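Chain naming here is simple, since letters A, B, ... match the order of the sequence lines and numbering starts at 1 in each. What you see is a predicted model, and the numbers here were worked out from it, not measured in a lab.
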Number of protein chains: 2
Amino acid sequence: MTGPVSDEPQPPATIYDVARLARVSPSTVSRALNKPGRISAQTERKIRAAAERLEFEINPMARALPTGRRMTLALMLADITNPVVFGLIRGAERGAAAAGYTLIIAESQESGEAELRMLRKIQASVDGIVLATARGPAEPIRQFARAKPIVLVNRVEPAVASIIPDVPGGVAPLLDHLRACGHANVAYLSGPAASWVNSERWAALVRLAPPLRMSVFEIPGRAPTMAGGAEALERVMLSPATAVIAFNDLMAIGLLRQARQEKIAVPGRLSIAGFDNIFGAELTTPALTTVAAPLEDAGARAVEALVALIEGSPARLPEMSPFELRLIVRDSTGPPAVG
Amino acid sequence: MTGPVSDEPQPPATIYDVARLARVSPSTVSRALNKPGRISAQTERKIRAAAERLEFEINPMARALPTGRRMTLALMLADITNPVVFGLIRGAERGAAAAGYTLIIAESQESGEAELRMLRKIQASVDGIVLATARGPAEPIRQFARAKPIVLVNRVEPAVASIIPDVPGGVAPLLDHLRACGHANVAYLSGPAASWVNSERWAALVRLAPPLRMSVFEIPGRAPTMAGGAEALERVMLSPATAVIAFNDLMAIGLLRQARQEKIAVPGRLSIAGFDNIFGAELTTPALTTVAAPLEDAGARAVEALVALIEGSPARLPEMSPFELRLIVRDSTGPPAVG
DNA sequence: GCTAGCTTGTCAACCGGTTGCCACCGGCCT
DNA sequence: AGGCCGGTGGCAACCGGTTGACAAGCTAGC
């Protein structure tokens, strides 16, 4: 019964310590803390007071063992380097925190094999996984999804929950805008062939351009990075395009900077638009026209859906509407200079 | 002895399954997998084969319980929103992966109290913590550091390991550069008062300016964000400054954009420089002069030090040299226009 | 041939919680 | 007053690993 409670680096208190202090059994402590109503109000108060006094924090590992509930989620990314994922990370982190979960971040380094290895390794540590890697074969993912809740971002697989953008809803206004500016030939600077979003965007272009009397064609991008964008300028300039829609802002920015460097007028000679509205898109000169995705929101919703999957009735995929895209017109698109 | 090993969503294999298949006891499996040499080579092979066949992955939670080794590290951030942390995250994630650790990310929302709560909550789940939050009172941190390995980033506390930049080494070239351009009055647009880096930068300016025959003065920034930077323009323009050194790139960019918007010539009327070299700093017009910090590297080194602390002899702080800063001269600084 | 000494594998306890089952308690009904 | 009942709390087993102590098996030495 000495004074100070904590002073030396004593090990964290366990429910046994709490039980001793409250003069009850450990199981009673466990129930008092987790099963509201199971224990008389008076005892519960006593126990909570003891827990408070000892600064008791439950040991998540010890709890996870018998229950299987780890209160931990994983966010699996292909490449932490890409600014696009920042919004996702933020949203997922906040969503997880709000639901009382801890988030772990894993990077698959763009390799399907590393991805599978990673998945297997963290499987035992998490209750569910948000997969934003978009690559890799479908079969293993489907199999994993049967064993453990998974939510896909920017990718669809049958029988697996996923949260995706309303691609045509974002592409249409962009095409309208370009048409209104007077562009008739539009190049699509494409991203990774295996990416769901990439094919969707291309598909939307193919479907939406003809009614507007616009021609579209694909210029394959080598990498979805600034370098990949810059590299593509040569082929763009050889083409009849007066406007380019890039797979993402990173490529768009790379292309734009390269164009500026080569004294090609943007938007006069070449209009450029991207996707995602990453940090930095509004900083370029000219500022980049882009189709903004509410990535932070998407991350949060993915986590919400995952939690629903984990805590809700099994085998029922949450119904999820695609998230809205929003065209942000800045200065990198405009009427082509005549001549 | 049927054919396929895995097909249905069977639960992950345990060492008991492996033991049964290899016809040894579970403890033998444990030793075969962790204690090289403790088990005969032949038995070990047999066990490894069985583990392979069952796709056995050790359950980190179950291991953590008796050993206390969780193989997990936490990276504690004040605000995931800030692009500066991205480098840190990347580096930490890669460092952790390289050392075989999993990384969890926690956000303290800039609040000292939330930070402490967070710390307490995750304490049981991790072997060590990289604290990059920089705020909050010192005493609780010191106390935590006694109980569990902690590495501070951009902050120093006695008896706690920390990894910090060589601030004067970064400020000196910047001042030299401004002096060479012809600036004599330099404003420091300051960051959070509680930030160690902030006071160090100011201190370095105070020490280094006089020998160069330059005057420096502080303009307090409201927030270390783009908005905070933009807001400060008014006070900057009221001051005699011809050059501004901002606490970070975010503020510098905010200031720069606001200046552009108000038709103030940069660098003609006002030279602007920042710190960190975040993604986007080279995208502005004019491109931002900044003092680059190898943040990714710093994150990796912080994790390395943490791992050393965890695995090495206790109570010996790893000797860590400050990381080098590098001046990147771009276009936002230059000679002041005469007149 | 017998024992000392080493190697190898097993037994059982433990980490810190959770939970099914049961015992005990007091109150209420008949 | 006795019996039943609902509410409360304790016992003990269990989750999946780890590890100290020990026994069995083997070799080697005398």
Next item on the list: Identify whether any heavy atom of Val24(B) sits under 4.0 Å from a base atom; if not, whether one sits that close to sugar-phosphate; answer base, sugar-phosphate or nothing.
Entry: sugar-phosphate
Note to self: Need one value for Ser27(A): base, sugar-phosphate or nothing, where a base atom within 4.0 Å counts as base even if backbone is also close, heavy atoms only.
What the structure shows: base
Return the value, rounded to whole Å, for the distance between atom [atom1] of [X] and atom [atom2] of [N].
X        : N       : atom1 : atom2 : value
Glu44(B) : dT7(C)  : CD    : P     : 16 Å
Leu65(A) : dT18(C) : CG    : P     : 11 Å
Tyr16(B) : dA12(C) : OH    : C1'   : 11 Å
Gln42(B) : dT8(C)  : CD    : P     : 11 Å

Notebook entry, point to check: Can you list every ring pair (Phe, Tyr, Trp, His ring centres under 6.0 Å) pair that touches residues 72-95 of chain B, not counting sequence neighbours?
Noted result: Phe86(A)-Phe86(B)
Checklist line | Inter- and intrachain pairs under ring pair (Phe, Tyr, Trp, His ring centres under 6.0 Å), touching residues 15-60 of chain A, at least two apart | finding: none
Set of residues satisfying salt bridge (charged side-chain N to carboxylate O under 4.0 Å, His left out) with respect to [X], sequence neighbours excluded:
X         : answer
Glu157(A) : Arg142(A), Arg155(A)
Arg45(B)  : none
Asp17(B)  : Arg20(B)
Glu304(A) : none

Next item on the list: Take Met61(A) and Lys35(A), find for each the nucleotide of DNA chain C with the closest heavy atom, and name the residue whose nucleotide sits nearer the 5' end.
Entry: Met61(A)
Item checked: Axis-to-axis angle between the two ends of the helix from dG1(C)-dC30(D) to dT30(C)-dA1(D) (five base pairs per end, rounded to 10 degrees) -> 60°
Check: Should the pair Glu107(A)-Arg94(B) be classified as a salt bridge under the 4.0 Å nitrogen-to-oxygen rule?
Finding: yes
Check: Between Arg48(B) and Glu44(B), is there a side-chain N and carboxylate O pair less than 4.0 Å apart?
Finding: yes
Margin query: Would you say Thr28(B) places a side-chain N or O within less than 4.0 Å of OP1 or OP2 belonging to dT10(C)?
Written below: yes
Note to self: At less than 4.0 Å, is any side-chain N or O atom of Thr67(A) found next to OP1 or OP2 of dT18(C)? Yes or no.
What the structure shows: no
Atom pairs, N/O to N/O, protein against nucleotides 22-26 of chain C, distance under 3.5 Å?
none

Checklist line | Pairwise 5' ranking along DNA chain D for Ser25(A) and Asn34(B), keeping only the more 5' one | finding: Ser25(A)
Next item on the list: With sequence neighbours left out, write down each residue that passes side chain to side chain donor-acceptor pair (under 3.5 Å) with Asp127(A), or none if nothing qualifies.
Entry: Arg70(A)
Next item on the list: Shoot me the first and last contacting nucleotide of DNA chain D against chain B, ordered 5' to 3', at under 4.0 angstrom to non-hydrogen atoms.
Entry: dG16(D) to dA21(D)
Next item on the list: Scan for salt bridge (charged side-chain N to carboxylate O under 4.0 Å, His left out) pairs involving residues 31-43 of chain A, sequence neighbours excluded, and state none if there are none.
Entry: none
Can you list, pair by pair, the side-chain donor-acceptor contacts under 3.5 Å of residues 61-68 of chain A, counting residues two or more places apart and other chains?
| residue | atom | partner | partner atom | Å |
| --- | --- | --- | --- | --- |
| Arg63(A) | NH2 | Asn34(A) | OD1 | 2.8 |
| Thr67(A) | OG1 | Arg63(A) | O | 2.7 |
| Thr67(A) | OG1 | Arg69(A) | N | 3.0 |

